[in-house]
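Scroll down for the structure; my scribbles are underneath it.
So you know, we letter chains A, B, ... as the sequences are listed, proteins then strands, and number each from 1. Note: hydrogens, waters and symmetry copies are ignored here, and every other heavy atom, side chains too, is used. No experiment lies behind these values; they were computed from the predicted model shown.
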Protein chains: 2
Amino acid sequence: MSRAAGETGVQSALSTLRILEEVARRQPVGVSELARVADMPKSSVQRYLATLQQAGWLRVVDIERVRWGLTAKPIGIGLRAAGEGGMREAALPAMRALSRQTDETVHLAMRDDNALVIVARRDGTQTVRTYVELGTIAPLHGTASGLSILAKLPDAEVEAVIAAGLDGHTGTTIVDADALRAEVAATRERGYAVNAASWWRPHVAAIGAAITDAAGRPVAAFALSIPTVRFDVADAGRLGALTVAAADQVSDLLD
Amino acid sequence: MSRAAGETGVQSALSTLRILEEVARRQPVGVSELARVADMPKSSVQRYLATLQQAGWLRVVDIERVRWGLTAKPIGIGLRAAGEGGMREAALPAMRALSRQTDETVHLAMRDDNALVIVARRDGTQTVRTYVELGTIAPLHGTASGLSILAKLPDAEVEAVIAAGLDGHTGTTIVDADALRAEVAATRERGYAVNAASWWRPHVAAIGAAITDAAGRPVAAFALSIPTVRFDVADAGRLGALTVAAADQVSDLLD
DNA sequence: ATACGTCGTTCCAACAGCCGGAACGACAGG
DNA sequence: CCTGTCGTTCCGGCTGTTGGAACGACGTAT
């Protein structure tokens, strides 16, 4: 088999993990649909499903139509990945308060290397809301949360993120290195990040503030996520201060 | 290769998943330790690790000593397995209140087929505490939480659990079918479950109350987890009522 | 009724890809 | 200087994986 450089993985295991992820995204789901979306032979998918069942990750959730879904095993793995969920629990009260004060959706995003994962949400009461599925992975350079984190990182690490490549998402995403450096500088000055131009998801503006650990390193961020139709730049100062206050409150909790 | 009946899984994928779980449990961890605990050749483990890295599940967290750890990908998978975490969030306020009222550790356990997963914890302030790692899988028939769930299940399902086998854990675990039926009956009468005999973990007593969904089916449970040295049977009534009240409060939230 | 599409499931021969022992250099103690 | 352990790399033998083909069951359109 011809392999591209760097691809040394066990093929069957990669395929199996791929199926696991598809099931997570689409559960409850059947063999044929999986084979279609993953572009694999049905018989192979069937074998992978049996494997994942044997390993205790999946089970048949609808016996009649044979739909597959996740067991609880991934919960345990996921909790460990999230550091026992301590961050979530520490942040929830502040999230609630912030969402009440602003009546907007608040997201908690945790940093994972050069990316962010949305791990919690608290909705406001407004009819028009932003919606991002929990577990979604977002770019550091394309979100208000991400920028607030970048702004608290030393320059060397910011450059590393730039070097890793700035991919675009909406046409307004900051893909130019100098533009990003400028935005980081502006964020440092402000204390919070403002995404008024739908960098990542269309029609979504946001205000981000970083949460730092005991050593002062940014490990997560709050984002106030606001539909652009309702977003008023004149309000950014007030909302920014509230978001920063909430983030600081959590930072203090982390010793 | 000779296979036991029912084992049809893809061997390499099973091994890879096994390594993933070990990393989750022991992170940060190195190749050799993994090879030892999983009883696999070092070179194989190395290949599995590379595979998991390629799939985005693992990464090297300490570049110098080469220690492996989880990325954030499992968080997303885990959140989906937990139904977007809605249950956790709905339950946390009630957990906090219960833990404050009783000054004991409260666990939230979600049902997963014939098992339970501990998905959240709230500690009291006492010096001597029980400790169970989040993500731990516990038996339905061997915990107060589990029994409170069994008690709200139709008899047919209780029998199915019995048929699946009642394995022992501490010597006091209920392994006899009739004894379990009696305990279920007692729990139904009481409204809450009492484990005063360390069924599952040594020196741990507990009081459990089930949380039901909109359809009245038990989907999770609260457990008040108390070191046996401090557990007073005379107090069970008061603690049980508080636990039931907390569980009911969450049940109401679930429409 | 009949034909057709799709579902989940099973089988098996061929061969691509995995396995794991062996050997490497680097490091830390003794 | 020797020994044990670490992480990493290599490669030939063989075995476990692969995926096309065929199955019965079901639901729908003809």
* **side chain to side chain contact (heavy atoms under 4.5 Å, CB included) evaluation trace for Val219(A) with Met110(A)** => CA-CA 6 Å; Val219(A) 291; Met110(A) 292 185 61; over 6 Å; no
* Would you indicate, yes or no, if dG20(C) has its OP1 or OP2 atom less than 4.0 angstrom from a side-chain nitrogen or oxygen of Ser44(B)? => yes
* Would you mind building the protein contact string for nucleotides 6-13 of chain D? One character per nucleotide, 5' to 3', B for base within reach (heavy atoms under 4.0 Å), S for sugar-phosphate only, - for untouched. => SBBB----
* Asked: Should His107(A) and Ser145(A) count as side-chain neighbours, where that means a heavy-atom distance under 4.5 Å?
  -> no
* For residues 60-71 of chain A, pull every pair meeting side chain to side chain donor-acceptor pair (under 3.5 Å), keeping only residues two or more places apart or in separate chains. => none
* Asked: Is there side-chain contact between Arg47(A) and Met40(A), with at least one heavy-atom pair below 4.5 Å?
  -> no
* Selection residues 18-28 of chain B - residue pairs positive for side chain to side chain donor-acceptor pair (under 3.5 Å), sequence neighbours left out -> Trp57(A)-Glu21(B), Lys73(A)-Glu21(B), Arg18(B)-Glu22(B), Glu22(B)-Arg26(B)
* Structure fact -> When the rotation axes relating C1' atoms of four end pairs to the next four are compared across the helix from dA1(C)-dT30(D) to dG30(C)-dC1(D), five pairs an end, they differ to 10° by 30°
* May I have the step-by-step check of side chain to side chain contact (heavy atoms under 4.5 Å, CB included) for Thr173(A) and His141(A), ending in yes or no? => CA-CA 8 Å; Thr173(A) 315; His141(A) 70 278; 4.0 Å; yes
* Asked: Whole-Å distance between dG17(C) P and Tyr48(B) OH?
  -> 16 Å
* Structure fact -> Contact check, residues 12-28 of chain A vs DNA chain C, heavy-atom distance under 4.0 Å, returns Ser12(A)
* Asked: Taking only residues two or more places apart in sequence, or in another chain, which ones meet Asp155(A) in a side-chain hydrogen bond (donor to acceptor under 3.5 Å, both in side chains)?
  -> Arg188(A)
* Asked: Side chains of Leu150(A) and Leu153(A): does their closest heavy-atom pair fall under 4.5 Å?
  -> yes
* Asked: Are Glu157(B) and Arg217(B) close enough, and set up right, to give a salt bridge (Lys or Arg N to Asp or Glu O under 4.0 Å), and what steps lead you there?
  -> CA-CA 12 Å; Glu157(B) 292 201 52; Arg217(B) 295 186 50 82; 3.3 Å; yes
* Measure the spacing between CG of Leu70(B) and CG of Asp112(A) and express it to the nearest 0.5 Å. => 10.0 Å
